[in-house]
Amino acid sequence: MTTRTPVRTARLALTALAFAAALCGTAGAQGTGKLKVGLMLPYSGTYTALGVAIENGFKLYVDEQGGKLAGREIEYFKVDDESDPAKATDNVNKLIKRDNVDVIVGTVHSGVAMAMAKAAKESGTVLIVPNAGADAVTGPMCAPNIFRSSFSNWQPAYAMGEVAAKQQGKKKVMTITWKYAAGEESVNGFKEGFEKNGGKVDKQLTLPFPNVEFQALLTEIAAAKPDAVYAFFAGGGAVKFVKDYQAAGLNKTIPLYGPGFLTDGTLDAQGESAQGMLTTLHYADGLNTPRDNAFRTAYAKSFKLQPDVYAVQGYDAAQMLGVGLNATKGDISKKADFAAAVEKAKIDSPRGAFTVSKSHNPVQDIYLRKVDGKENKLVSTAIKGLADPARGCRM
Ligand code: PHB
C-alpha cells in the first residue's frame, strides 16, 4: 500500500494536466479547427502566371468540396517566393515558423523547391509540390512528408528525346535553356531518351535564369545548323524565346522541340510564332474526357480563363491533400497514414487518372502535342504510365 504524500499528489496533478494538454493538442490537430494551407508561389517575375494558375486550380478543387477538406475549413497563407532561391529558406520559414501552417503547397522554380524540401524534411511539415520538377525532390531528398502533384524534370524531357529520335528521325540536336536545375535536368532527360535511340546531343547552350537576351545564342544555332533544337523555358521567358526563334527565321529550317512548358499558358502571347510546334507533357488540349471537360468548364467559369497544365497541377495538389486528410479524418499529424493513403490512391486528374510512386511522384501518361491556333492539341500518347526513375530515393 502506498500513502499519498503532498509531493506525489502534486506530481499526479501535473501528470493529469499534461494529459489534458496532450488531449487538447490532439483534438486541435484532428481539427475540428481550420486547416492552415501555406501557398508559396511566384506572384512576381517570369513565372507569375504559373503561380496564379496553380493557386486558382487548388482553390477550385477546395471550393468544389464546399471550402472544406475532410470536414476542415481551409485557411490560406500566401508568400511570394519571387522564384528566388536565395530567399527561399527565409520565405518558407515564414509559413512554417511564423504562420505555423499545417501544409505547404509550392512552388514553381526547382531551386526554390529544393530549399523548401529541405525545410519540410527538417520540420516534418507536409509539403506538396504543384510544379517544380527538381529530380532531387523525389530522388535523394525524398521523404514520407513530401509529395509532388506535377512531374519530375526527367519525365516529359525523356519522352521528347524518344519522339525526336524514333518518330522524327533526328540525329543531331542542340539544346538551349536557363542554367539552373530545371533546365539542366530537362536537357539531361532529353539527352537520355534521344541518345538511347541513336541521336546525339551536339551542343548545350545556356544563359542565366531568368535572362531573355537570346540573340547571340540564336546566331550560334543558325551557324551550327542542327537537325532540331530542344529548349526548356517557361512563362514569360518561353514567350520571348519562341518569338525570337521565329523572328530569327530559324523555325523554317530547324524544328524547335521542348517539354510542353514552352507552349503551355503562353499561346495567346506567342501567336503565329508557335504554330506547328511539337512538345511533350502530361497534359494536352483536346483530351476530351468527361473529367477534363468538366474541369475546363468549371475553371473557365470561375476565373474567365482557359486552364493550362499549371492549373491542373494545383487542382491535383488539393486532391492529393484531400486523399491524405480523408484517410486520417483531418488529422495531418498522422503522417504515415497520410502517406499510405496517397501512395495507394488513384488521383482522378483532368490529365487522366494517375498513381503516386513510392517516392511520391506521379506515374503518368506523357502526351505528344502539336500547337494549332491557341491549343496544344493532343497528337498521341508518347509514353504510357511513365514513372520517374527516382534515382537516389531511399525511403
Ligand atoms: C522548374 O523550375 O522546375 C520549372 C519551372 C517552370 C516550368 C517547369 C519547371 O514550367
Side-chain angles (χ1 to χ4, degrees), residues 40-55 57 81-88 105-117 127-139 141 146 148-160 176-190 206-212 230-242 257-267 269-270 274 277 279-284 307-314 316-317 351 361-362 364 366 369 376 388:
M40 180 157 153
L41 291 165
Y43 295 108
S44 56
T46 199
Y47 288 158
T48 304
L50 291 62
V52 171
I54 289 167
E55 178 178 340
D81 67 38
E82 304 169 46
S83 294
D84 186 349
K87 298 181 184 159
V105 177
T107 188
V108 169
H109 184 286
S110 274
V112 177
M114 284 192 279
M116 295 174 74
L127 167 67
I128 305 178
V129 179
N131 182 72
D135 292 342
V137 166
T138 54
M141 304 180 85
I146 298 177
R148 184 152 51 196
S149 65
S150 51
F151 59 91
S152 72
N153 287 320
W154 180 90
Q155 282 176 308
Y158 179 86
M160 195 66 227
I176 179 166
T177 188
W178 282 313
K179 193 168 175 51
Y180 84 104
E184 289 169 339
E185 291 171 359
S186 186
V187 164
N188 288 344
F190 174 83
T206 59
L207 71 168
F209 175 87
N211 288 10
V212 289
Y230 175 84
F232 169 92
F233 294 106
V239 170
K240 173 94 170 27
F241 181 74
V242 171
Y257 302 144
F261 316 115
L262 201 53
T263 57
D264 230 84
T266 53
L267 289 174
Q270 287 165 334
M277 278 179 61
T279 63
T280 44
L281 201 64
H282 46 287
Y283 191 54
D308 54 22
V309 69
Y310 310 105
V312 171
Q313 294 168 172
D316 292 341
R351 77 187 82 171
N361 191 64
Q364 56 194 341
I366 306 292
R369 312 111 46 89
N376 286 288
D388 179 81

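In this chain, numbering begins with 1 at the start of the sequence shown. Numbering of ligands and ligand atoms starts at 1, following listing order. Model, not experiment: these values are computed from the prediction.
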Which pairs, with at least one residue in residues 231-241 and sequence neighbours excluded, count as a salt bridge (Lys or Arg N to Asp or Glu O under 4.0 Å)?
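Of all non-adjacent pairs touching residues 231-241, those that pass salt bridge (Lys or Arg N to Asp or Glu O under 4.0 Å) are K240-D244.
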Decide yes or no on ring pair (Phe, Tyr, Trp, His ring centres under 6.0 Å) for Y310 and Y47, but give the supporting numbers first.
CA-CA 11 Å; Y310 310 105; Y47 288 158; 8.2 Å; no
Hey, does T279 have a side-chain heavy atom less than 4.5 Å from the side chain of Y257?
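Answer no - side chains too far apart.
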Mind checking whether Y283 and F151 have ring centres under 6.0 Å apart?
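Centroid separation for Y283 and F151: 6.0 Å or greater.
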So F261 and F232, would you call those rings parallel, tilted or perpendicular, with 30° and 60° as cut-offs?
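Perpendicular.
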Given R148, which of T138, D388, D316 fulfils the side-chain hydrogen bond (donor to acceptor under 3.5 Å, both in side chains) condition?
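With R148 as partner, side-chain hydrogen bond (donor to acceptor under 3.5 Å, both in side chains) holds for just one option, T138.
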For each nitrogen or oxygen atom of ligand 1, which protein N/O atoms lie closer than 3.5 Å, and how far apart are they, rounded to 0.1 Å?
from, atom 1, to, atom 2, distance (Å)
ligand 1, 2 (O), V108, O, 3.3
ligand 1, 2 (O), S110, N, 2.8
ligand 1, 2 (O), Y180, OH, 2.5
ligand 1, 3 (O), S110, OG, 2.6
ligand 1, 3 (O), G133, N, 2.9
ligand 1, 10 (O), Y310, OH, 2.8

